[in-house]
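The figures that follow rest on heavy atoms only: side chains count, while hydrogens, waters and symmetry mates do not. Residue numbers count from 1 along this sequence.
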Amino acid sequence: RRYQSLEDPTSSSSLTSESGRKKGISFQERTSRSEKVLFVLLVVALLTALALAVYIGAKKQSSSSSSNSQQACTSSACVALAGEIISKTNTSIDPCEDFFGYACGSWIANTIRPDYVGRLSSFGQLQTLNYERLRVALSSATQNNSALAKVSQFYRTCMQTQSSGMQFVNNVAASLGGWDNSSGYDLTGVMVQSINTYGAAPYVHIYVSRDQTNTSQYLYHIDQGGVGIPASYFNDSQLYQDSYTTLIKSTLSLFGVDSQVAEQVFSIEKTLAKSSASIVYLRSPSNTYNKVKISDMMTNYSQINWLHLLKELLQVP
């Protein structure tokens, strides 16, 4: 009995203790197994997502490569342009060390700048080429009602140096007082005629705009005009002045104008240039805002009939 009560595995106390130990071990094992399953599932999901991302990326790259290969231009013009670009590069230079030398080295080495050109670039060459192609197109357009033919006719008229073309320019000069103004010069009338008829603003620019200090009001704005070359050139070098004088003489000689008139034109422009404000001065808004009454303009700058000029420009009765 004593042995049986202590060691008999069928006793109730022994069964209860054993059952309790089994339940405790089963719970721990069940918990550990769940974590392992979740970890495995997570790893599988990540691998699946990674494989899917790689597949999609490869698919897009393949599609992009196929699309780019289909869009590549293989025409003769594209091939010629590609060859021209490659011919300007210097592949012996490392682009990581000197990209400019790599991209433009051969062009710089093989291009000769003409003496009459101050600067030269590939863009300038392209512009010259476009101008030449445009000249050929305008010179060879057929006479019909197309837009190109009309522009071509206008171009040939401007380029004409004989008879009707020369006469047209002389008629314009005559309407503005003629080449020789020794008999008198109506400065106000010339300004009105030039602006209203030909759209050219000599001496000054006149326009109407809002008052910058009171935007509810409009004012006449009178700004200085320009000259044939930058105003600073009249002070920089005698070479610029001599070259510009030669240009004026050669241009006016086409219309039979005496060279003395060209010298007078240059003298007037030089006076205007020296009287003009510099670009630096004009950058300040306070320097260009000087409100003046028309009556004061008439008194202080009587060479021009400002009231008549403004009325004619705005067609005010």
Side-chain angles (χ1 to χ4, degrees), residues 131 134-135 137-139 141 143 145-208 220-231 233-234 240-276 301-317:
Y131 283 159
L134 183 61
R135 184 192 67 79
L138 293 177
S139 301
Q143 295 294 330
N145 292 325
S146 67
L148 179 60
K150 293 178 181 179
V151 174
S152 175
Q153 183 179 2
F154 180 76
Y155 169 77
R156 287 195 297 269
T157 301
C158 294
M159 296 301 295
Q160 188 174 7
T161 59
Q162 302 295 331
S163 62
S164 60
M166 305 293 291
Q167 186 59 44
F168 172 78
V169 175
N170 284 323
N171 291 340
V172 171
S175 68
L176 297 175
W179 298 110
D180 184 7
N181 59 2
S182 57
S183 60
Y185 192 68
D186 181 10
L187 180 58
T188 305
V190 168
M191 294 179 68
V192 172
Q193 179 77 358
S194 178
I195 297 173
N196 284 351
T197 304
Y198 303 112
Y203 308 117
V204 294
H205 295 293
I206 302 175
Y207 60 95
V208 176
Y220 291 109
H221 289 256
I222 302 177
D223 193 9
Q224 67 183 27
V227 290
I229 58 177
Y233 283 16
F234 288 94
Y240 292 133
Q241 300 181 45
D242 293 342
S243 299
Y244 187 46
T245 303
T246 301
L247 174 62
I248 296 175
K249 289 181 179 180
S250 60
T251 301
L252 293 182
S253 65
L254 298 174
F255 307 99
V257 181
D258 189 82
S259 60
Q260 292 183 352
V261 176
E263 294 177 356
Q264 293 175 4
V265 171
F266 175 80
S267 177
I268 293 173
E269 289 207 34
K270 187 173 183 179
T271 302
L272 289 174
K274 291 187 174 182
S275 302
S276 300
Y301 310 101
S302 57
Q303 297 88 343
I304 298 175
N305 188 335
W306 295 101
L307 183 60
H308 174 71
L309 175 62
L310 296 174
K311 284 184 175 181
E312 288 295 323
L313 295 183
L314 298 177
Q315 301 298 315
V316 177

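- Proximity of a side-chain donor or acceptor of S139 to a complementary backbone N or O of R135 within less than 3.5 Å is detected.
- Rounding to the nearest 0.5 Å places OG1 of T245 at 14.5 Å from OH of Y240.
- Looking at every heavy atom in both residues, Q224 comes nearest to H205 through O-CD2, 3.3 Å.
- In this structure, CG in L247 is found 12.5 Å from CG in D242, a value given to the nearest 0.5 Å.
- We find the OH-CD1 distance between Y203 and I222 to be 15.5 Å, quoted to the nearest 0.5 Å.
- By the side chain to side chain contact (heavy atoms under 4.5 Å, CB included) test, I229 pairs with Y233, F234, Y244, sequence neighbours left out.
- Y301 OH: 12 or fewer foreign heavy atoms inside a 6.0 Å radius.
- The two residues V172 and S175 have their closest heavy-atom pair at O-OG, 2.6 Å.
- Contact annotation: the side chain of I304 never approaches that of V204 to less than 4.5 Å [non-hydrogen atoms, C-beta and beyond].
- Screening I195, V192, T188 against E312 for a side chain to side chain contact (heavy atoms under 4.5 Å, CB included) leaves a single residue, V192.
- At a threshold of 4.5 Å between non-hydrogen side-chain atoms, the residues Y155 and L134 do not count as touching.
- In plain terms, the two heavy atoms of Q193 and L176 that are nearest each other are CG-CD2, 3.6 Å.
- I248 and A262 get closest at one heavy-atom pair: CG2-CB, 3.6 Å.
- Sorted by first and then second residue, the side chain to side chain donor-acceptor pair (under 3.5 Å) pairs involving residues 249-260 (not counting sequence neighbours) are K249-E263.
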